[in-house]
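Residue numbering restarts at 1 for every chain, and letters A, B, ... go by the order of the sequence lines. Only a predicted model underlies this, so the values are computations on that prediction, with no experimental measurement involved.
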Amino acid sequence: MSDAAHQPQAKPNWLSRNKLAVAPWIFLIPALIFFAIYVVIPIFESLWLSLYEWNGLYTADGESTATWVGFGNYVKLWDDPNFWTSLRNNIAWLVLYMLAVPLGLFIALYLNQTVTGMRFYKSMFFFPFVISQVVVGLIFGWFYNPDFGVVGTVWKALFCEETINIVGNVTFTCSRPAPDILSSPEWATYGIIAAGLWPQIAYCMILYLTGLNNVAADQIEAARLDGAKGWKMLWYVVVPQLKPATFIAIVVTVIGALRSFDMIAIMTQGGPFGSTNVLSHYMYEVAISEYGERYGYGSSVATVLFGIMLIFISYFLWRMYQDEKGGR
Amino acid sequence: MFPRPIEKSTQIARLAYQTFLPFALILWLLPLIAIFLTSIRSAKDINSGNVFGWPSEFALIDNYTAVFTQSAAAQYMLNSVLITVPTVMISVALACLAGYALAIYRFRVALPLFFLFVAGNFIPFQILMVPVRDMSVQTGLYDTIAGQFLFHAAFQTGFCTLFMRNFIKALPFDLVESARIEGVAEWKIFWYVILPLVRPAIAALAVLIFTFVWNDFFWANVLTQGEAAKPITAGVRALNGQFVNNWHLVSAASLLAAVPPVVMFFLMQRHFISGLTLGAVK
């Protein structure tokens with residue numbers, strides 16, 4: 001400081017010379033530290049932990065009781081039928097969840113009008129996305145209930161005859177018993193996926209409504225003059241312009257499908273007989289269960305899920321990178 | 001505009017469209033309407049199988065009060081607020097800083113760091129579960145409100161930074177440049193030039209993060225045990241066990257859990273949608 005006072009014409013100090021190099025780090029550090037502690041480092045810890053067997057306990061002097069098993073957990077995984085069921089269900093989720101994209105587009109096309117009250121209708125159609133998946137799961141669990149849910153009631157109206165016995169109790173004789181969707185190993189997963197589609201379609205719809213708002217009107221008019229209409233117009237003129245919306249819709253749907261946990265935990269807890277498990281739920285089940293914690297084995301399931309997700313994440317980042325390069 | 005505006009069609013088509021619209025809406029919201037109707041019925045109706053007919057009596061107030069008096073629902077609701085509000089404040093504040101750094105300064109690792117935040121935001125929760133749970137137990141944050149909002153804030157910082165960085169990048173860079181020529185300090189540029197301009201982004205993020213965190217269920221299960229720190233989503237599941245076969249109470253409780261995000265959505269609809277659809281138009 002005193003040096004600077006004696007030499008007024010001296011170069012400014014290091015900090016002000018490198019202001020533009022230092023400043024970003026000062027702005028970044030709080031977020032980076034926080035993000036590193038809770039997100040980045042735990043990822044590597046999990047990967048590492050998947051090579052151990054550990055019940056989550058520590059010895060009296062604070063040493064972890066984990067024992068090294070190398071790829072033992074993955075070998076066990078290979079022979080674990082529950083793992084394969086979960087993986088198969090994950091694929092079913094991924095494929096069927098994709099229906100949300102076209103269905104969202106169709107609802108958006110249907111709602112893209114300007115009659116009175118349209119704003120209200122649009123927000124009501126979007127409504128399912130706002131409520132928590134726990135609530136959606138409960139709603140549908142009840143909706144599917146064969147005794148007094150919507151499915152059961154409709155079924156009774158179609159296939160059952162009401163009889164009242166002497167005591168006055170109402171009984172139903174049904175030509176076919178009402179389906180108990182969530183208790184059926186074959187159908188339960190599809191029942192949950194259908195429930196999951198409900199909010200997801202709403203999400204895709206809102207993406208497309210915004211996209212449709214920004215479709216270039218002059219191109220539509222030009223195409224109309226050329227005689228394009230209906231499906232052709234949709235496919236060759238409108239859909240290409242909706243590309244950014246489609247990309248985001250696909251991203252959020254893939255992520256949503258692989259993250260599905262809440263609904264399964266609420267509606268079936270992976271049952272009946274593990275038939276509705278997906279990797280995210282199976283991981284939770286093995287890692288924290290009533291039969292003792294198996295952190296290492298759980299981590300290996302998580303690692304597989306992470307690997308699957310990483311394929312998609314790399315693709316998304318690559319796409320974003322292309323945009324960034326083109327953008328500036 | 002596509003499809004062709006209905007006003008340009010025949011009178012009949014228009015009328016058909018407008019008549020069909022409410023039916024389409026009812027069909028779409030049928031599960032929700034059905035559960036609402038259940039939540040205002042009395043136990044008698046449910047037991048006698050009158051689930052869809054006209055309720056024999058309206059028990060709206062009775063049922064919703066019962067949820068609060070017969071369970072820890074009020075505690076769960078309060079916990080949810082105590083978890084959600086600090087999360088929103090911390091993650092949005094951190095993201096303003098980080099987003100500013102990543103959008104305005106040109107340094108070599110800016111893009112890799114940005115991608116780190118983006119990628120972190122897409123990863124499955126399960127890969128974080130064991131270490132975060134273990135760390136929370138070790139530091140005494142397990143089964144506390146703070147343990148939950150610290151984690152959520154850190155995790156949501158990824159999404160918020162993605163959002164903020166893109167938002168700030170779209171602002172005219174001249175603003176920053178001319179301020180620099182004037183000799184304004186970097187933090188002053190952030191505070192007086194950029195921050196006032198990102199207010200819409202802050203509003204959008206606040207509602208989105210509020211909804212995401214309010215609706216969280218996974219971490220509520222991983223990081224809590226008892227009633228004291230459980231948010232309403234996990235609470236509703238506990239109530240589900242407690243109110244077995246009292247469907248009128250279960251449905252009332254689930255609807256209550258959905259109220260705050262729904263209110264938030266309707267109050268700040270424009271911000272909510274602009275936040276969700278950022279990037280859906282180019």
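- Heavy atoms closer than 4.5 Å to chain B are found in both the backbone and the side chain of Leu111(A).
- Note: Asp262(A) leads Ile33(A), Ile220(A), Asp262(A) in heavy-atom pairs under 4.5 Å with chain B.
- With a threshold of 4.5 angstrom between heavy atoms, Leu162(B) approaches chain A through side-chain atoms but not through N, CA, C or O.
- Looking at Tyr282(A), there are no atoms closer than 4.5 Å to chain B (heavy atoms on both sides), in backbone or side chain.
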- Item | Pair Arg237(B)-Ile266(A), side chain to side chain contact (heavy atoms under 4.5 Å, CB included): steps then yes or no | CA-CA 7 Å; Arg237(B) 189 213 220 168; Ile266(A) 288 289; 3.9 Å; yes

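- Between Phe155(B) and Tyr38(A), the gap from one ring centroid to the other reaches at least 6.0 Å.
- Proximity to chain A involves both the backbone and the side chain of Phe151(B), based on heavy atoms less than 4.5 angstrom apart.
- Residue Ala24(B) touches chain A through both its backbone and its side chain, counting heavy-atom pairs closer than 4.5 Å.
- For Met135(B), the part sitting under 4.5 Å from any heavy atom of chain A is the side chain, from C-beta outward, and nothing else.
- When ring centroids are compared, Phe129(A) and Phe265(B) stay outside the 6.0 Å threshold.
- If you measure heavy-atom distances from Ala249(A) to chain B, you find no contacts under 4.5 Å at all.
- Most heavy-atom pairs under 4.5 Å with chain B, from the set Ala287(A), Pro128(A), Ala217(A): that is Pro128(A).
- Tested against Phe122(B) for a ring pair (Phe, Tyr, Trp, His ring centres under 6.0 Å), the candidates Phe312(A), Phe316(A), Tyr315(A) yield a single pass: Phe316(A).
- Using a 4.5 Å cut-off between heavy atoms, Leu111(B) contacts chain A through its side chain alone, with no backbone atom that close.
- Residue Thr233(B) touches chain A through both its backbone and its side chain, counting heavy-atom pairs closer than 4.5 Å.
- With a 4.5 angstrom heavy-atom cutoff, Phe114(B) touches chain A only via side-chain atoms.
- Looking at Arg4(B), the atoms closer than 4.5 Å to chain A (heavy atoms on both sides) sit in the backbone and in the side chain alike.
- In this structure, chain B has a heavy atom under 4.5 Å from the side chain of Val238(A), while its backbone stays farther away.
- In this structure, chain B has a heavy atom under 4.5 Å from the side chain of Leu49(A), while its backbone stays farther away.
- Of the two parts of Ile232(B), neither the backbone nor the side chain holds a non-hydrogen atom closer than 4.5 Å to a non-hydrogen atom of chain A.
- There is no contact between Val301(A) and chain B, counting heavy-atom distances below 4.5 Å.
- Residue Phe127(A) touches chain B through its side chain alone, counting heavy-atom pairs closer than 4.5 Å.
- Residue Val134(A) touches chain B through its side chain alone, counting heavy-atom pairs closer than 4.5 Å.
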- Gln126(B) vs Leu279(A), side chain to side chain contact (heavy atoms under 4.5 Å, CB included): CA-CA, chis, key distance, verdict: CA-CA 9 Å; Gln126(B) 283 71 20; Leu279(A) 290 178; over 6 Å; no

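- When the candidates Phe212(B), Phe272(B), Phe217(B) are compared by the number of heavy-atom contacts under 4.5 Å with chain A, Phe217(B) comes out ahead.
- With a threshold of 4.5 angstrom between heavy atoms, Ile37(A) approaches chain B through its backbone and through its side chain.
- Proximity to chain A involves both the backbone and the side chain of Phe20(B), based on heavy atoms less than 4.5 angstrom apart.
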- Could you please spell out the steps behind the salt bridge (charged side-chain N to carboxylate O under 4.0 Å, His left out) verdict for Arg133(B) and Glu45(A)? CA-CA 12 Å; Arg133(B) 184 176 151 105; Glu45(A) 284 178 338; over 6 Å; no

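- With a 4.5 angstrom heavy-atom cutoff, Leu305(A) touches chain B via backbone and side-chain atoms both.
- Of the two parts of Leu109(A), the backbone and the side chain both hold a non-hydrogen atom closer than 4.5 Å to a non-hydrogen atom of chain B.
- The distance from the OH atom of Tyr121(A) to the CG atom of Leu21(B) is 4.5 Å, given to the nearest 0.5 Å.
- Contact of Ser50(A) with chain B is not made at all, since no heavy-atom distance falls under 4.5 Å.
- With a 4.5 Å cut-off on non-hydrogen atoms, Phe261(A) touches chain B through its side chain but not through its backbone.
- Proximity to chain B is absent for every atom of Val136(A), based on heavy atoms less than 4.5 angstrom apart.
- For Asn240(B), the part lying near chain A is the side chain, with the backbone staying farther off; criterion is any non-hydrogen pair under 4.5 Å.
- The part of Gln18(B) that comes within reach of chain A is its side chain, from C-beta onward, which places non-hydrogen atoms under 4.5 angstrom from that chain.
- A distance below 6.0 Å separates the ring centres of Phe107(B) and Trp25(A).
- Within the 4.5 angstrom heavy-atom criterion, atoms from both the backbone and the side chain of Ile6(B) approach chain A.
- Residue Phe266(B) touches chain A through its side chain alone, counting heavy-atom pairs closer than 4.5 Å.
- Taking the six-membered ring for Trp and the full ring otherwise, Phe35(A) and Phe117(B) have centroids separated by under 6.0 Å.
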